[in-house]
Amino acid sequence: MDVSHILDSLNDEQRQAVAAPMRNLLVLAGAGSGKTRVLVHRIAWLMEIERLTPTSIMAVTFTNKAAKEMRGRIEKLLDLPPRGLWFGTFHGIAHRLLRAHWRDANLPENFQIIDSDDQLRVIKRVMRDLQLDETKWPPRQAQSFINAQKDEGIRAEYIEATSDLYMRTMAQVYKGYEEQCQRSGMVDFGELLLRSHEVWLNNPQLLAHYQERFRHILVDEFQDTNTIQYAWLRVLAGNRIPLTVVGDDDQSIYGWRGAKIENIQHFQNDFADSMQVKLERNYRSTSTILDAANGLIANNGSRLGKQLWTEENEGEPIDLYSAFNEQDEANYVADCIDDWVKKGNLRSDVAILYRSNAQSRVIEDAFIRQQVPYRVYGGLRFYDRMEIRNALAYIRLVHYRHDDAAVERVINVPPRGIGNKTISDIRDHARNESVTLWQACNEMISLGSLRGRAANAVQKFIDVIEDLADGATDLPLHTLVEKVINESMLKEFHGSEKGEKGQARVENLNELINATRDFEADDEEMEPLSAFIAQAALDAGENQAEEHEDSVQMMTLHSAKGLEYPLVFMVGMEEGLFPHSRSAEEPGRIEEERRLCYVGITRAMEKLVMTHAETRRLYGQEKYHAVSPFIREIPASLIQEVRLKNTVTRPVSFQRANDESWATAASSEAAFQLGQLVSHPIFGEGTVLNYEGQGPHARIQVNFLSEGSKWLVMSYAKLEAL
DNA sequence: CCCCTACTGATCCAC
DNA sequence: TCAGTAGGGG
């Protein structure tokens, strides 16, 4: 057997991992060490050397993007698509299992996946039914409670009846929510895993079937697994199926989302007879960058232990810039990028990394001023956009009339005269009669329990859906979707929103049609429509449409994981910002922040620049932050201070901006001060609450004793100070 | 039903 | 500070 095409391009460590015996294997893959490559080659090895069929291999990832990339690379390596390979995210695979065994899972055949937005609506409804005060019990809090429980594998019934009012109330909501979901066949993300885990526990034969079928399971980013995912894997593997897990404990940054770093730390104890391979050779960064990363992460205790190395040369030192304030910091970054581009480099090779999204604004402002094209990652994902979610709700209703979450969403979108009163009547009917909202609509109309106008409107809603559904099964997917978007009037509705927003919304709707046009189900057994609906629920879609212009990439440290850039800026390296002040509370959180810093550093290939601001305006207040302790943990010899603190001269642009704003405030204050008592010839006495603008357009807000608060134009108001 | 005002709260976010 | 949103008034 010629194995050269599988092993030739690999280094020794990588080969060891790829060609390891069919036993439990932990691959500790450092940043930039060729992790994906090892996974892909391992799969090829299993198929060609160990002679496993594609159907007997399961490969699990966390994101659809990762799954897609891996699939592409396997196809390229093997020169053919690996048909039958079980490939996907934890949720995608769990969903597939539940579709196949819906009876065993005690679900209706056409159960629907709901995302967090739908989930919140359902929870709100349950809480309203329980007559809980929304201000005292925020639905969002209940939502995260429920999701956290599910991630831990805990059902409502297992939450003990405690005297703790909070726990009792939450458990009550959780219970009501579970019942509501069960009644209307809704399954949330956590439920996919929880339910399929239970299916295996309750059906030994079914579990045995899969244990015979799968001969190997591979898991990517193992350090990100949470409790239920880990349990899911353990039950499935059950000492019968060997696992290859790949991950890096030093890059575990999702503890706040339920990920358990212990899962990778204890893997060797929990999975019998396992071996471990470390990938420590880095192919990405200069040795300076790696030494910085190694020095930093050495401050964490209880690591599995890794030391990145490279054959690359030292490269440039790490720059540290102490900015006067956040504007100065932003200008400095913009200036550096100008230099970089003048030297003939690409802007798309530059990334700006920050701890929290709020930090991007100041930098964006500077980029706009200096005309640096940029692109911000994150924000709303495609399938989270309002117009897309509305369109999907219609599509879901065409497919399955009893989707309560979808009815709630679009019963009055676009507005067709169904008011809150009518909707809550429909909800009441549905609850009293134990039927779905769709059934409630129909029943109430035939019973005549809706008034004339409301009845007409509801009938109109029913007709729209029924008309769309009529003959829907004969149409190709994209034609159907196009029809839905047009006939639901969503295009007109969203298109008429003012500004460029409407335009963008229509474009997105068109994009949705395009997406269906080249949609391919990865599960051939499902009908296209339900496959598409499931995909839309489980795949957030590409972050954003590709930007054509060469632009700087801006993102949070979290979303930078897995990416690499020749030039990386880590901004806001200040205590309180990074590490974030909220992470000082719990033990272990600082270590996670340190790992996040490690992730940031190891994104850089050639050059790393860190900046911090001595003063920063945060939540409307000027704050003085100390330099991040993480900077001190990097060997000082690797860092070069760009400018010594005591020689700082204020940049010209800053001085001007600052002086102007100071002058404005001063001149306004000269006239009236906030809180000052004033008198008006007509409105009488009042207190100054606020003012804005300057010169003849300046306006002032006064809270009058008799009239309440009013905005007045200062030059006409004839106010007198008292 | 839409717009304005007042209020709140504020890391990180895939599925 | 400011963004997002709930509730009142036109």
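Naming: A, B, ... by sequence-line order, numbering from 1 per chain.
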**Q** Sort me out a list of protein N/O and nucleotides 11-13 of chain B N/O pairs below 3.5 Å, or just none if empty.
**A**
from	atom 1	to	atom 2	distance (Å)
B:dT11	OP2	A:Tyr619	OH	3.3
B:dT11	O4'	A:His580	NE2	3.2
B:dT11	O2	A:Arg355	NH1	2.7
B:dT11	O2	A:Arg355	NH2	2.2
B:dT11	O4	A:Arg589	NH2	3.0
B:dC12	OP1	A:Asn357	N	2.5
B:dC12	OP1	A:Asn357	ND2	2.9
B:dC12	O4'	A:Arg355	NH2	3.3
B:dC12	O2	A:Trp256	NE1	3.1
B:dC12	O2	A:Arg355	NH2	2.8
B:dC13	OP1	A:Thr556	OG1	3.1

**Q** When the ring planes of A:His558 and A:Tyr254 are compared, do they come out parallel, tilted or perpendicular, using 30° and 60° as the limits?
**A**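 Rings of A:His558 and A:Tyr254: tilted, 30 to 60°.
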**Q** Which two nucleotides bound the region of DNA chain C that has atoms under 4.0 Å from heavy atoms of chain A, read 5' to 3'?
**A**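 So the contact region on DNA chain C extends C:dT1 to C:dA3.
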**Q** Over 60° means perpendicular and under 30° means parallel, so tell me whether A:Phe111 and A:His95 are parallel, tilted or perpendicular.
**A** perpendicular
**Q** Mind telling me whether A:Trp200 and A:Trp232 have parallel, tilted or perpendicular rings, with 30° and 60° as the class edges?
**A** tilted
**Q** Heavy atoms under 4.0 Å, any strand shown: does A:Asp224 hit a base, just sugar-phosphate, or nothing?
**A**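 No contact.
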**Q** Reckon A:Asp384 touches a base, only the sugar-phosphate, or nothing at all at heavy-atom distances under 4.0 Å?
**A**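 Nothing, no nucleic acid heavy atom in range.
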**Q** One thing to verify: whether A:Lys623 and A:Glu574 come together as a salt bridge, which I'm taking to mean a side-chain N less than 4.0 angstrom from a carboxylate O.
**A**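 No, A:Glu574 and A:Lys623 are not salt-bridged.
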**Q** Would you measure the distance from the P atom in C:dG4 across to the matching atom in B:dC13 and give it in whole Å?
**A**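 Approximately 15 Å lies between the P atom of C:dG4 and that of B:dC13.
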**Q** In plain terms, say whether A:Asp403 and A:Arg396 are close enough for a salt bridge, that is, a side-chain N and a carboxylate O under 4.0 Å apart.
**A**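 Yes, this pair counts.
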**Q** Which whole number of Å gives the distance between the C1' atom of B:dA14 and that of C:dA3?
**A**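 One C1' to the other, the span is 24 Å.
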**Q** A:Lys124: what forms a salt bridge (Lys or Arg N to Asp or Glu O under 4.0 Å) with it, not counting sequence neighbours?
**A**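 Expected list: none.
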**Q** Using a strict cut-off of less than 4.0 Å between a Lys/Arg side-chain nitrogen and an Asp/Glu carboxylate oxygen, indicate whether A:Glu152 and A:Lys260 qualify as a salt bridge.
**A** yes
**Q** Go through it in stages, so that I can follow the logic: the residues are A:Arg155 and A:Glu198, the test is salt bridge (Lys or Arg N to Asp or Glu O under 4.0 Å), and I'd like the CA-CA distance, side-chain angles, deciding distance and then a yes or no.
**A** CA-CA 11 Å; A:Arg155 287 282 180 203; A:Glu198 287 168 352; 2.9 Å; yes
